[in-house]
Amino acid sequence: RIEGRKTRDNKVWNNKIGANILGVWPLPNKYGIHILNGASSNFIGDTEHSNLISGNSESGVRIEGQNTRDNKVWDNKIGADETGGGALPNKYGIHILNGASSNFIGDTGHSNLISGNSESGVRIEGEDTKENKVRGNLIGADASSSKSVPNKYGVHILNRASSNYIGGCLLYTSPSP
């Protein structure tokens with residue numbers, strides 16, 4: 001849990017959160033990582049320090065509350081197993097709500113694998129939940145992008161969330177039989 005207005009510039013790197021050490025069995029928390037109440041400018045993963053955030057009962061990563069902003073979720077496996085080829089689901093991979101704004105879920109050169117979650121890969125909801133950027137991610141596929149590891153919904157925006165950006169993502173859809 002990363003909480004409070006002056007809670008900033010923390011790094012969560014090289015962890016298995018919600019999964020065993022091999023990354024194949026769930027050891028669930030309610031939320032894998034919970035960023036709230038104005039925490040800002042924190043880093044969840046990066047190119048050489050990725051996390052496996054899978055197997056949690058609610059959200060892999062939950063970002064919520066007014067002034068909770070500028071957090072970066074980069075280069076993680078969220079809802080996938082350690083191999084990136086199968087599912088180890090959270091309910092929601094990433095859940096942004098209650099006025100959180102200007103957070104970065106992936107970016108050029110910092111894509112997340114967001115696959116295998118039982119509901120949404122990315123869920124953005126609520127009034128004043130705005131200007132979040134979801135870009136450059138692989139959503140609903142395996143790590144090689146050659147087969148489907150589906151979420152129920154790839155990206156789900158609802159309940160008056162506005163001005164969020166979704167782009168540059170590969171949203172995998174299974175081919176029809």
Side-chain angles (χ1 to χ4, degrees), residues 1-4 7 10-40 42-46 49-65 68-69 71-100 103-106 110-126 129 132-134 137-143 148-159 161 164 166 169 171-172:
R1 188 165 163 149
I2 302 171
E3 180 177 11
T7 306
N10 297 289
K11 295 169 179 65
V12 179
W13 287 352
N14 300 320
N15 297 286
K16 291 189 173 56
I17 300 171
N20 72 335
I21 194 71
L22 299 174
V24 295
W25 295 104
L27 297 173
N29 304 289
K30 183 173 184 180
Y31 307 123
I33 298 171
H34 194 183
I35 304 172
L36 69 159
N37 296 338
S40 63
N42 297 288
F43 287 85
I44 310 304
D46 91 5
H49 305 286
S50 64
N51 299 291
L52 176 69
I53 309 169
S54 298
N56 298 290
S57 62
E58 284 291 322
S59 304
V61 179
R62 182 176 171 112
I63 302 172
E64 70 175 304
T68 304
R69 57 184 305 115
N71 296 289
K72 294 163 183 69
V73 180
W74 287 351
D75 303 299
N76 301 289
K77 291 177 186 160
I78 302 170
D81 65 13
E82 181 63 27
T83 69
L88 187 56
N90 304 292
K91 182 176 182 181
Y92 305 115
I94 297 174
H95 193 182
I96 305 172
L97 68 160
N98 297 335
N103 295 287
F104 298 86
I105 310 305
H110 294 288
S111 51
N112 296 291
L113 175 63
I114 306 171
S115 298
N117 296 288
S118 61
E119 287 291 326
S120 305
V122 178
R123 181 178 174 111
I124 302 172
E125 68 177 302
T129 304
N132 295 288
K133 293 160 189 69
V134 179
N137 298 290
L138 188 56
I139 300 175
D142 71 344
S148 177
V149 182
N151 304 290
K152 183 175 182 180
Y153 306 105
V155 177
H156 191 183
I157 301 173
L158 66 158
N159 298 333
N164 294 285
I166 314 298
C169 299
L171 300 169
Y172 192 89

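Just the heavy atoms: all of them, side chains too, but no hydrogens, waters or symmetry mates, feed the values below.
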Return a table of donor-acceptor pairs under 3.5 angstrom between the side chains of residues 20-31 and protein atoms on other chains or two or more places apart.
residue	atom	partner	partner atom	Å
Asn20	OD1	Gly23	N	3.0
Asn20	OD1	Val24	N	2.9
Asn20	OD1	Trp25	N	3.1
Asn29	ND2	Asn56	OD1	3.1

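Remark: side-chain polar atoms of Ser59 are not paired, donor with acceptor, to backbone N or O of Val61 under 3.5 angstrom. Checked by atom type and distance alone, the side chain of Ser54 pairs as donor or acceptor with a backbone atom of Ala80 at under 3.5 Å. Using modelled atom types, no side-chain atom of Asn151 and backbone atom of Gly154 make a donor-acceptor pair closer than 3.5 Å.
Among Asn132, Asn103, Asn10, the single residue meeting the side chain to side chain donor-acceptor pair (under 3.5 Å) criterion with Asn71 is Asn103. With Ile78 as reference, Asn90 is the one residue of Asn90, Asn137, Asn51 to meet the side-chain contact (heavy atoms from CB on, under 4.5 Å) rule.
For Glu58, there are no salt bridge (charged side-chain N to carboxylate O under 4.0 Å, His left out) partners, not counting sequence neighbours. Not counting sequence neighbours, the partners of His110 by the side chain to side chain donor-acceptor pair (under 3.5 Å) test are Thr47, Asp75. Applying the side chain to side chain donor-acceptor pair (under 3.5 Å) rule to Ser40 yields the partners Arg8; only residues at least two apart in sequence or on another chain are considered. When the salt bridge (charged side-chain N to carboxylate O under 4.0 Å, His left out) test is applied to Lys16, the partners found at least two apart in sequence or on another chain are Glu82. With sequence neighbours left out, the ring pair (Phe, Tyr, Trp, His ring centres under 6.0 Å) criterion links Phe104 to no other residue.
Within the 4.5 Å cutoff, the side chain of Ile33 has heavy atoms near those of the Val12 side chain. Looking only at side-chain heavy atoms (C-beta outward), Ile105 and Asn112 come within less than 4.5 Å of each other. The side-chain heavy atoms of Asn15 and Leu52, taken from C-beta on, include no pair separated by under 4.5 Å.
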Q.
Pair Ile166, Ile124 - check side-chain contact (heavy atoms from CB on, under 4.5 Å), show working.
A. CA-CA 11 Å; Ile166 314 298; Ile124 302 172; 4.2 Å; yes
(Q) Go through it in stages, so that I can follow the logic: the residues are His95 and Glu64, the test is side-chain hydrogen bond (donor to acceptor under 3.5 Å, both in side chains), and I'd like the CA-CA distance, side-chain angles, deciding distance and then a yes or no. (A) CA-CA 8 Å; His95 193 182; Glu64 70 175 304; over 6 Å; no
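In terms of heavy-atom proximity, Ala143 sits nearest to Thr83 at CB-O, 4.4 Å. Between Gly38 and Thr68, the shortest heavy-atom distance links the atoms N-OG1, 2.8 Å.
In this structure, Leu97 CG and Arg123 CZ are separated by 8.5 Å, a value rounded to the nearest 0.5 Å.
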